[in-house]
Amino acid sequence: MSEVTSRTLELSQDRRIEVLEAGSGAPLFFLHSAGGIPQWDGVLPILASKFHVHAPLLPGFGSSVGLDALEDHFDLFFHCFDVMEALGLERPYVVGESMGGWIAAEMAALRPREIGRLALAAPIGLWRDEAPIVDLFGYTSNELVPFLFHDTSCEAAQQMRGVGAWLSDKDDRTEAQVEFLLALGRGFKTAAKFLFPIPDRGLERRLHRITAPTLVVWGAEDRFVQPSYANLFLDRIRDARLELIPRAGHAIGAEQAEAYGKALVAFGHG
Amino acid sequence: MKISWFHLMPWRWLPDDFRERYHSVWVDLPNRLYDPERGHQLYNEYLDMLEYADQLGFDAIGVNEHHQNAYGMMPSPNIMAAALARRAERAMILVLGNSIALYNPPIRVAEEFAMLDVISGGRLIAGFPVGTSMDTNYCYGENPATLRDKYREAHDLIIKAWAEREPFAWNGKYTKLRYVNLWPQPIQKPHPPIWVPGLGSIETWDFCLDHDYNYSYLSFSGYKRAQKMMDGYWAHAAKRGKSENPHRAAFFQQVCVSDTDASAEKEWWPHVDYFFNKCLHLYPGTSGAPGYMSEASLRAGIVAQVGNTSQNMGMNKTWKELCEQRYIVAGSPATVRQQLEELAKSLRVGHLAIGLHIGSAPIELTNRNTYLFATQVMPHLHPIFTEYEDICWPKALPASARAKAGAQSAAAKSHAERKIGAAA
């Protein structure tokens with residue numbers, strides 16, 4: 001497995017952004033979900049075996065700071081372009097998961113010529129009353145488990161339940177556990193700033209502007225954002241196709257990293 | 001010290017198996033449990049209780065704002081305050097308060113509070129809570145990451161709107177108004193006293209101390225559990241060189257006065273049980289949206305579990321435990337006198353907001369509580385802290401200068417209803 005390094009970009013307006021990097025080859029710009037990147041796992045090592053992966057952490061995640069400089073979602077999108085530019089990436093392959101998928105789609109709609117290829121993994125950003133996206137901010141973490149995973153006994157689901165147990169009424173947490181919970185809270189604050197209370201900021205009006213060849217990936221058993229949303233993306237993006245991953249929920253990489261990685265790698269190589 | 005009779009206005013008919021069937025009293029409790037015809041009786045009964053408190057000489061009568069819940073049914077406290085302002089002629093009117101970040105534009109609060117101050121002859125106490133996360137984020141959709149910033153901007157706009165005598169422009173981050181020009185303006189100058197509810201964050205202490213606002217600790221867990229927090233507040237005030245005037249602080253306490261300690265339990269237990277085990281049945285998933293609390297407060301909460309977390313909200317406790325731990329102050333007049341004197345002196349609070357209606361209590365029982373408190377307890381509390389000027393109290397017009405509801409109606413009637421052609 002290729003080595004993962006972390007570096008910090010100093011951007012204007014006091015934004016200090018941590019970027020995780022691994023692998024070599026064509027540039028891949030990875031945008032994480034609301035869970036951040038607590039560990040280099042899931043699909044990331046697979047992508048790093050074929051691409052040079054750059055995975056910036058949004059302000060509030062990891063050691064990245066500067067949320068105050070981002071007032072609204074357009075500030076957020078331009079911030080991601082700033083990061084891409086600071087990394088010197090030209091027309092990279094952009095892969096985004098869930099919240100990151102929404103940001104990736106918005107970037108590709110805003111500046112279509114600057115995105116080489118685009119992969120959206122269970123992206124949020126659209127809304128249909130008949131298929132409401134689960135309220136990311138209105139459940140305890142334990143209760144989110146059945147929405148995020150197809151097999152709730154998988155390792156990642158168990159890990160998430162374990163974290164939920166730290167939020168008990170008792171005062172028996174270790175310092176590391178407290179810091180982990182606070183870090184989780186910081187990341188969720190960032191997610192909430194751009195997505196609360198309903199994760200729809202008008203992407204649907206802009207999807208038609210995307211020109212990059214696009215792969216839409218969905219877990220066939222996603223109970224968080226129903227797979228029916230994939231069709232909305234396919235209908236509006238001119239060059240898009242779908243890859244449905246069987247036996248996967250919303251956290252596709254946690255349950256079916258291999259099939260998911262294979263699809264992303266194949267598409268990335270065009 | 002001053003005593004405010006404070007109402008929460010809960011729904012009184014939640015079913016026996018409420019906690020098993022519903023995960024919260026707030027946010028998504030289906031409103032099929034609400035019956036508007038019963039609600040009609042209930043609002044009027046609750047207003048009657050507040051008017052009775054006015055008649056018995058309480059210093060203020062109080063209402064507050066909550067949304068989408070069966071615990072406190074005043075989405076618009078200003079409507080209740082307006083209903084009270086005409087018939088309750090003596091007491092100050094404590095609106096604790098309006099969650100100012102929820103109003104768009106926030107000058108709506110400046111306008112309505114000014115209206116209340118003018119109608120009541122300068123008797124308004126203006127409360128500026130941030131509001132619970134349930135109310136502000138989950139029910140009203142405000143972004144938790146920016147709520148407090150929006151609150152601060154709304155505050156600055158309201159204060160300026162009350163102070164300015166010429167139209168001005170407001171180019172805020174959250175509110176942009178080309179013309180701010182408040183009609184009416186409040187009677188009290190520069191503005192009504194402002195009370196800010198808080199749960200122990202240093203940011204809120206500083207905000208109150210910066211502006212000489214009353215810091216109101218509205219807890220349901222009683223005065224003993226508030227000791228550490230209030231000690232922290234006073235130590236912080238001293239460190240900042242602010243006077244230790246007890247009127248800088250208010251505390252909320254639920255109280256049951258009865259003929260004897262034994263009769264207090266007999267009469268009040270069903271209603272106290274209803275309050276702690278139904279009205280405070282909250283769902284942790286919507287208790288605090290991400291970003292609602294500052295990281296410092298979050299850290300304190302995670303590490304020490306201070307504040308209103310589920311473990312100290314008073315659920316599943318016996319009457320004896322609730323009394324001994326002072327979640328409620330209950331018993332004979334002598335018992336209640338002794339405990340409330342202890343509360344005032346130990347917390348150093350010059351303002352007591354008192355809950356004499358609890359949970360499912362009907363008016364007969366509530367008014368008995370009010371009567372015994374007013375006649376047997378309040379006279380013993382009033383002399384406490386009189387050596388300090390109350391810097392957080394309304395400067396109302398003297399009673400003789402205030403309009404009386406209907407006072408001109410009789411004279412006007414004979415004039416209005418004279419025969420056609422008769423001399424005016």
Side-chain angles (χ1 to χ4, degrees), chain A residues 34-36 58-61 65 67-68 70-73 75-76 99 132 134-145 147 163-201, chain B residues 23-24 26-29 67-68 101-102 133-150 152-153 172-174 176 221 282-316:
Chain A
L58 292 174
F61 290 90
V65 298
L67 183 63
D68 286 348
L70 312 178
E71 297 258 332
D72 63 18
H73 48 287
D75 290 340
L76 172 69
M99 176 178 81
V134 170
D135 185 2
L136 179 59
F137 309 109
Y139 288 95
T140 62
S141 54
N142 278 355
E143 287 166 321
L144 279 174
V145 167
F147 293 116
V163 170
W166 298 345
L167 287 162
S168 70
D169 282 341
K170 295 195 202 81
D171 233 350
D172 56 358
R173 282 146 297 217
T174 66
E175 214 169 297
Q177 288 171 341
V178 167
E179 292 308 318
F180 186 91
L181 288 174
L182 288 169
L184 211 62
R186 272 195 296 274
F188 260 62
K189 177 183 176 179
T190 298
K193 185 163 186 178
F194 304 110
L195 297 171
F196 191 92
I198 290 191
D200 174 1
R201 297 292 177 274
Chain B
H23 77 172
S24 181
W26 220 305
V27 180
D28 59 357
L29 177 66
H67 301 274
Q68 296 185 189
L102 300 185
S133 185
M134 296 170 287
D135 290 313
T136 57
N137 305 134
Y138 292 101
C139 298
Y140 262 43
E142 280 297 332
N143 195 302
T146 50
L147 177 71
R148 284 167 202 274
D149 197 35
K150 190 176 179 196
R152 281 184 289 269
E153 184 183 304
K173 192 194 289 184
Y174 303 97
K176 293 187 192 293
S221 41
L282 301 175
Y283 168 58
T286 53
S287 63
Y292 172 78
M293 290 215 279
S294 73
E295 185 158 333
S297 301
L298 208 58
R299 184 180 290 274
I302 289 176
V303 176
Q305 294 289 345
V306 297
N308 279 336
T309 56
S310 57
Q311 73 162 0
N312 59 20
M313 289 282 271
M315 262 190 186
N316 300 320

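All chains are named by letter (A, B, ...) in the order of the sequence lines, taking the proteins before the strands, and each is independently numbered beginning at 1. All values derive from a computational prediction rather than experimental measurement.
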| field | pair A:F196-B:P144: side-chain heavy atoms closer than 4.5 Å | value | yes
| field | Side chain / backbone / both / neither for B:N137 at chain A, heavy atoms under 4.5 Å | value | both
| task | Measure A:Q177 against the heavy atoms of chain B and call it side chain, backbone, both or neither at under 4.5 Å. | result | neither
| request: May I ask you to establish whether B:R152 and B:Y174 are in a cation-pi arrangement, using a distance under 6.0 Å from NZ or CZ to the six-membered ring centre and at most 45° from the ring axis? | output: no
| message | Below 30° counts as parallel, above 60° as perpendicular, anything between as tilted: where do the rings of B:Y283 and A:Y139 land? | response | perpendicular
| said: Whether A:E179 and A:R186 form a salt bridge (side-chain N of Lys/Arg under 4.0 Å from carboxylate O of Asp/Glu) is what I want to check. | reply: no
| query | Is chain B contacted by the side chain of A:D68, its backbone, both, or neither, given a heavy-atom distance below 4.5 Å? | reply | neither
